[in-house]
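Atoms within a ligand are numbered from 1 in the order they appear, just like the ligands themselves. Please read these numbers as outputs of a predicted model, since none were measured by experiment.
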Amino acid sequence: MDATAIFITALIAVGVVVAAGVFAVAWRRGPKAAPIVGEFDPEAAKRDASTHAPPEVVEPESELVADEPHEPITIEDRRLPVSAEDLGVTRRKFLNRAALGLFGIGFLGALGIQMLAFIWPKLKGGFGSKVVAGRLDDLRNSVVPGDGSVTPVFVPEAQAWLVPMEESLLPGSSFEGLPVVAGTEGGNTGLMALWQKCVHLGCRVPECESSQGFECPCHGSKYNYHGEYDSGPAPRNLDRFALEVDNAGNLVIDTGTVLETPRATVKTIAYPQGPSCL
Ligand code: FES
């Protein structure tokens with residue numbers, strides 16, 4: 001079990017414990033709780049009567065009323081009994097609120113987990129952060145096998161196409177001075193990582209082997225193997241990610257650093273080199 005699974009499992013466990021606690025409280029105060037029924041204590045009433053004098057009986061002014069005796073109002077008269085129905089309503093209210101509380105806790109817990117899942121890739125190294133694509137030498141050998149052909153390699157976790165780039169082609173290009181090429185040390189062919197997302201409206205752009213480029217199936221934008229704009233509604237070259245090589249010789253794609261470049265005025269590689277795929 002990796003750290004992500006452990007963390008999410010711990011969150012769920014905490015949510016379950018909290019929910020169980022709320023439910024336990026609701027249950028104790030529910031049907032099994034002692035009934036709220038009061039017993040009248042005559043001795044206590046006597047004590048109360050001696051402490052608190054009954055209301056003074058006002059002598060009626062009218063002769064007609066004066067003939068009728070008035071019973072003094074006692075504390076017992078003022079005591080309002082609580083009906084079983086009222087008790088039921090109170091208990092029902094409490095249970096309703098407990099249920100609402102449980103629902104709220106569950107909802108907030110689910111929301112929290114969703115938010116965590118949203119930001120978690122950035123914490124653990126998925127898309128949006130640095131992605132280790134593999135050993136630079138192995139990737140270069142796959143992209144440029146040595147027979148003169150070019151085979152872009154797709155890195156799913158980075159949503160990127162790896163394509164070759166010669167250092168000698170950089171001066172005067174739209175990528176000059178940008179950290180978009182890695183692995184050119186010692187005169188080797190370097191690599192660039194092109195974001196698969198079309199810069200027009202965001203469709204995924206597949207490679208086209210026959211034309212030696214990338215051609216968007218949505219509205220027909222076309223780019224060469226360096227991701228330079230050729231035709232179509234795309235406003236610029238394909239975006240690319242910053243690259244670096246770590247101490248272990250791995251190519252690291254920084255998918256949190258997207259580099260945009262304007263439409264290439266002079267292409268660094270010819271396009272098309274064969275029939276289009278569209
Ligand atoms: S989304 Fe690619 S050309 Fe429109």
Side-chain angles (χ1 to χ4, degrees), residues 114 117-122 125-134 139-140 142-145 149-166 169-183 189-244 251-278:
Q114 288 293 324
F118 181 73
I119 65 169
W120 194 250
K122 293 179 188 284
F127 187 80
S129 68
K130 293 185 177 182
V131 174
V132 178
L139 292 169
R140 183 193 287 118
S142 298
V143 174
V144 190
S149 65
V150 172
T151 307
V153 169
F154 186 64
V155 182
E157 199 175 3
Q159 301 178 18
W161 288 104
L162 292 179
V163 296
M165 185 66 180
E166 304 297 335
L169 298 176
L170 287 174
S173 74
S174 44
F175 323 118
E176 186 176 7
L178 297 178
V180 295
V181 184
T189 298
L191 293 178
M192 283 194 298
L194 309 179
W195 195 356
Q196 186 192 27
K197 181 179 166 187
C198 183
V199 295
H200 179 222
L201 292 179
C203 290
R204 294 181 181 180
V205 187
E207 68 159 327
C208 176
E209 190 176 346
S210 57
S211 68
Q212 295 279 284
F214 299 95
E215 300 179 353
C216 182
C218 292
H219 311 100
S221 289
K222 296 177 181 175
Y223 314 84
N224 67 14
Y225 258 172
H226 288 166
E228 293 167 317
Y229 170 84
D230 177 77
S231 57
R236 60 181 185 271
N237 298 330
L238 281 176
D239 293 337
R240 54 210 70 213
F241 300 117
L243 295 180
E244 60 189 47
L251 180 70
V252 179
I253 305 174
D254 184 359
T255 55
T257 304
V258 180
L259 298 161
E260 298 180 2
T261 53
R263 287 179 175 179
T265 51
V266 178
K267 294 191 185 69
T268 53
I269 188 173
Y271 176 87
Q273 299 183 26
S276 168
C277 294
L278 298 178

K.L.:
May I ask you to list the atoms of ligand 1 that are less than 4.0 angstrom from any heavy atom of H200?
P.N.:
1 (S), 2 (Fe), 3 (S), 4 (Fe)
K.L.:
Numbering the atoms of ligand 1 from 1, which are under 4.0 Å from a heavy atom of C216?
P.N.:
1 (S), 2 (Fe), 3 (S)
K.L.:
With a 4.5 Å cut-off on side-chain heavy atoms, are Q159 and K197 touching?
P.N.:
no
K.L.:
Would you find more than 12 non-hydrogen atoms of other residues, nucleotides or ligands less than 6.0 Å from R263 atom CZ?
P.N.:
yes
K.L.:
Are the side chain of E215 and the backbone of C277 linked by a donor-acceptor contact shorter than 3.5 Å?
P.N.:
yes
K.L.:
Working note: S221 + H200, criterion side-chain hydrogen bond (donor to acceptor under 3.5 Å, both in side chains); need CA distance, chi angles, decisive distance, verdict.
P.N.:
CA-CA 8 Å; S221 289; H200 179 222; 5.0 Å; no
K.L.:
What protein heavy atom sits nearest atom 3 (S) of ligand 1, and how far off is it?
P.N.:
S221 OG, 3.1 Å
K.L.:
Less than 3.5 Å apart, any donor N or O on the side chain of E166 or T189 sitting next to an acceptor on the other?
P.N.:
yes
K.L.:
At a 4.0 Å threshold, what atoms of ligand 1 neighbour a non-hydrogen atom of C203?
P.N.:
1 (S)
K.L.:
Between C198 and ligand 1, find which residue part has any heavy-atom pair under 4.0 Å and reply side chain, backbone, both or neither.
P.N.:
side chain
K.L.:
So which of the N, O or S atoms of H219 lies nearest atom 4 (Fe) of ligand 1?
P.N.:
ND1
